[in-house]
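Each ligand, and each atom within it, is numbered from 1 in the order the structure gives.
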Amino acid sequence: MTYTITNNCIACDRCLPQCPTKAISVKGQTYQIDSNLCNGCVGFYSVPQCQAVCPTNNGCVRRLSAIASSEDYWESWFNTYNHLVTRISKTKPDPYWQKWFNTYSQELKKVIVSR
Ligand code: SF4
Ligand code: SF4
C-alpha cells in the first residue's frame, strides 16, 4: 500500500528519518514519497511511520488509493452537477409559474409600498 504527502504538509521534517525504505525525499520545502520505494512499512512496522509521526493528524500523509477514490468522487459530482445545470438551462420556463410569480411579486410590492 503506497502513501503520498499532500500539500497540507508543514515541512516539519519528522517523517524523513523514520522511513525504513528511504522513500521520502525533500526538494526545497516540498516533501514527497517515491511510490516505487514506499511499501506502507510492511515488514518493518505495523503502521506507516510517516503517518504515525506526522503532527498534522494524518492531514498530509494519505493512502494514494484513498486520494484517487476521493478525486473520482468529486469528478463524478461535478459531472452530474454540470449535466443538471445544462438540462435546467435548456428547459423552457413554465408560463403558469411565470404568471404566478409575476402576479405574486406585484401584489407583494403593493403591500410593501402601502406600508
Ligand atoms: S508508509 Fe512507510 S515506507 Fe511508505 S513513505 Fe511512509 S514511512 Fe516510508
Ligand atoms: S511529518 Fe507530515 S508535516 Fe512533517 S514533513 Fe512529514 S509529511 Fe510533512
*Asks:* Counting C-beta onward and ignoring hydrogens, is there a side-chain heavy-atom pair between I10 and P55 closer than 4.5 Å?
*Replies:*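 Touching, per the 4.5 Å side-chain cut-off.
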
*Asks:* I need the Q29 CD to D13 CG distance, nearest 0.5 Å.
*Replies:* 9.5 Å

*Asks:* So if you build clusters from Ile, Leu, Val, Met, Phe, Trp, Tyr with side-chain heavy-atom gaps below 4.5 Å, do V113 and V111 land together?
*Replies:* no

*Asks:* Mark up the atoms of ligand 1 that fall under 4.0 Å of a heavy atom belonging to Y3, in ascending order.
*Replies:*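 The list of qualifying atoms is 1 (S).
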
*Asks:* Please confirm whether the backbone N or O of C19 pairs with a side-chain atom of Q49, one donor and one acceptor, at under 3.5 Å?
*Replies:* no

*Asks:* V47 and C41: which non-hydrogen atoms are nearest, and at how many Å?
*Replies:* O-CB, 3.9 Å

*Asks:* Who's the nearest protein heavy-atom neighbour of atom 3 (S) of ligand 1, and how far?
*Replies:* T21 OG1, 3.4 Å

*Asks:* Can you report which non-hydrogen protein atom sits closest to atom 7 (S) of ligand 2, along with the distance?
*Replies:*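 Here the closest protein heavy atom is C60 SG, 3.5 Å.
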
*Asks:* Looking only at non-hydrogen atoms, find the nearest pair between R62 and T6 and report the distance.
*Replies:*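 Nearest pair, atom of R62 first, then T6: CG-CG2, 3.7 Å.
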
*Asks:* So I5 and Q32, do their side chains get closer than 4.5 Å, heavy atoms only?
*Replies:* no

*Asks:* Considering the heavy atoms of C15, write down every atom of ligand 2 situated less than 4.0 Å from one of them.
*Replies:*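 Result: 1 (S), 5 (S), 6 (Fe), 7 (S).
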
*Asks:* Please state which part of I24 comes within less than 4.0 Å of ligand 1, counting heavy atoms only: side chain, backbone, both or neither.
*Replies:* side chain

*Asks:* Closer than 2.8 Å to atom 8 (Fe) of ligand 2: does that hold for any N, O or S atom in C9?
*Replies:* yes

*Asks:* Could you tell me whether D13 approaches ligand 2 through its side chain, its backbone, both or neither, with non-hydrogen atoms closer than 4.0 Å?
*Replies:* backbone

*Asks:* With a cut-off of 4.0 Å, which atoms of ligand 1 are near a heavy atom of P48?
*Replies:* 1 (S)

*Asks:* Which residue holds the protein heavy atom closest to atom 6 (Fe) of ligand 1, what is that atom called, and what is the gap in Å?
*Replies:*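 Its nearest protein heavy-atom neighbour is C50 SG, 2.3 Å.
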
*Asks:* Of all the atoms in ligand 2, which lie at a distance below 4.0 Å from a heavy atom belonging to C54?
*Replies:*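 Under 4.0 Å from C54, ligand 2 has these atoms: 1 (S), 2 (Fe), 3 (S).
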
*Asks:* Specify the protein heavy atom at minimum distance from atom 8 (Fe) of ligand 1: its residue, its atom name, and the distance to 0.1 Å.
*Replies:* C19 SG, 2.3 Å

*Asks:* May I ask you to identify the nearest protein heavy atom to atom 4 (Fe) of ligand 2, giving residue, atom name and distance to one decimal place in Å?
*Replies:*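 Ranked first by proximity to atom 4 (Fe) of ligand 2 is C12 SG, 2.3 Å.
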
*Asks:* Checking a contact table here: which protein heavy atom is nearest atom 2 (Fe) of ligand 1, and how many Å away?
*Replies:* C41 SG, 2.2 Å

*Asks:* Please indicate whether F101 has more than 12 foreign heavy atoms, meaning atoms of other residues, nucleotides or ligands, lying under 6.0 Å from its CZ.
*Replies:*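 Counting neighbours around CZ of F101, 12 or fewer heavy atoms of other residues, nucleotides or ligands fall under 6.0 Å, so no.
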
*Asks:* Do you know which two heavy atoms are closest between C15 and V53, and how far apart they sit?
*Replies:* CA-CG2, 3.8 Å

